[in-house]
Amino acid sequence: ASPTAMAEIPVFLLALLVVRSVPAILYCRLIGRRRALVAGLMQATNLTFVIVATQLGRATGQLSGSAAASLLAAGLLSAAIFPALALKFLPAHEPAVVADLGPVNTQARLPSV
């Protein structure tokens with residue numbers, strides 16, 4: 001109902017993208033720009049954190065109801081949009097990278113209890 005709250009949604013969405021995807025920039029040299037972009041988009045998807053932050057903000061009186069609603073809407077949009085965008089940037093023909101964890105010991109036994 002509030003025009004201010006509606007205007008805050010894209011601002012919060014952009015803030016989530018910028019703040020949460022910054023660490024992916026550090027991976028550019030290691031995994032390439034395209035994969036770093038995908039990693040940044042996936043890292044920016046964070047609905048659980050937004051829910052907890054809004055609950056704490058409301059409980060302490062630091063966050064108004066309209067700001068909390070805007071932040072939750074931005075979190076929902078990040079969970080819906082960012083993974084879909086990440087898939088668009090990740091080539092379908094490129095195989096997934098699996099870390100080499102070394103040889104697997106198939107003879108290992110679990111300790112008996």
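Scope of the values below: all heavy atoms of this structure, side chains included, with no hydrogens, waters or symmetry mates.
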Distance-only donor-acceptor pairs under 3.5 Å for side chains of residues 11-19, two or more places apart:
none

| Of the non-hydrogen atoms in Thr45 and Leu41, which two are nearest, and what is the gap between them? | OG1-O, 3.2 Å
| If you link I, L, V, M, F, W and Y whenever their side-chain heavy atoms are under 4.5 Å apart, who else ends up in the same group as Leu56? | Val52
| Hydrophobic cluster (4.5 angstrom, side-chain heavy atoms) - remaining members for Leu26 | none
| query | Got a sec, which hydrophobics cluster with Ile31, joining ILVMFWY side chains under 4.5 Å apart, including via others? | reply | Tyr27, Leu30
Report all side-chain donor-acceptor pairs from residues 63-83 shorter than 3.5 Å, counting only partners two or more places apart or in another chain.
| residue | atom | partner | partner atom | Å |
| --- | --- | --- | --- | --- |
| Ser64 | OG | Ser66 | OG | 3.4 |
| Ser64 | OG | Ala67 | N | 3.2 |
| Ser70 | OG | Ala5 | O | 2.7 |
| Ser70 | OG | Glu8 | OE1 | 3.2 |
| Ser70 | OG | Ser66 | O | 3.0 |
| Ser78 | OG | Gly75 | O | 2.8 |

| Between Gly40 and Ser21, which heavy-atom pair has the shortest distance, and what is it? | O-CB, 3.3 Å
| task | Under 4.5 Å between side-chain heavy atoms, chaining through other members, with only Ile, Leu, Val, Met, Phe, Trp and Tyr counted: pull out the rest of the cluster around Ile25, sorted by chain and number. | result | none
